[in-house]
Amino acid sequence: MSNGECAMRIVAAYIRRMSPRNTCHEFCLGVTRAIQKVYVPIWKPHKTDVINNLKEHPEERLTASAIIFSRLRREIWLIGDCQCLIDGSLFENPKPYEQTLAEMRAVKVQELLAQGKTKEEIQINDEARASIIPRMLEEMKNQNVTYSVIDGFRIPEQLVPVINLDFNPHEIVLASDGYPFLCNTLDESEARLRQHLENDPLNIGDFKATKSLVLGNLSFDDRTYIRFLV
């Protein structure tokens, strides 16, 4: 199991058992403790060493994002890189460094293409992504410093957008960032994604990403989508 999948399972289990009365503050504290409990029991004899190592190497942390609708409080909480539509209006919470690295990778991909590499070769072995990994790892040290994620370290709540809804009816879409063009229906969102990947599987055009569509995959990133009325 990858670190991301492990974190996702912990977060999902915590959400299932938490009180519907929880505030965003209580969620941030509780889900952080849930991740910490995985770190500490396994490594208890060397707790300080392990925590210091995780501070220096955030890529080894159990890390996930979550977007949550509190029906009781009529709030939407965005922790990490996720997005939502409220009556068709888009709200995003991207990592602050993501676009810069995507631009860097796009330049490198163009260089590789100019050198004779084919799209398919880059999709199999994305050397351009490999070139930005050191910078990406360095930027990841800013997890829960300049941007919020769920990783077992204190979540700075000033970096967690909270969207308040009034008591009028609203159509809500909550989604992961695997949809570069979030639409009002799942079918539309999937169609826009397919169209984009057919035209630009390397993600270097109008929409730039830190990775391409791996040859044989259906998409370049994870996809989660839910739509409901409140």
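This one's a predicted model, so the numbers in the text were calculated from it and none came from an experiment. Only heavy atoms go into these numbers, but all of them, side chains included; no hydrogens, no water, no symmetry mates.
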Partner residues of K55 under the salt bridge (Lys or Arg N to Asp or Glu O under 4.0 Å) criterion, sequence neighbours left out: none
Face-on cation placement of R74 at F167 ring, 6.0 Å and 45° thresholds: yes
Y179 six-ring face occupied by R192 cation (under 6.0 Å, within 45°): no
Does the side chain of [X] come under 3.5 Å of the side chain of [Y] through a donor N or O and an acceptor N or O?
X    : Y    : answer
Q83  : D177 : no
N203 : S212 : no
E5   : S2   : no

If you take all heavy atoms of [X] and [Y], which pair is closest and at what distance?
X    : Y    : value
V38  : L62  : CG1-CD1, 3.7 Å
V149 : I79  : C-CG2, 3.9 Å
P58  : T63  : O-OG1, 4.3 Å
A130 : P134 : O-CD, 3.6 Å

Stepwise salt bridge (Lys or Arg N to Asp or Glu O under 4.0 Å) test for K211 and D126: CA-CA 7 Å; K211 51 192 165 187; D126 194 343; over 6 Å; no
Aromatic ring pairing W77/F27, orientation class (parallel under 30°, perpendicular over 60°, tilted between): tilted
E127 with K117: basic N within carboxylate O range, under 4.0 Å: yes
Charged N-O contact under 4.0 Å between E26 and R21: no
Listed partners of T118 passing side-chain contact (heavy atoms from CB on, under 4.5 Å), at least two apart: E120, E121
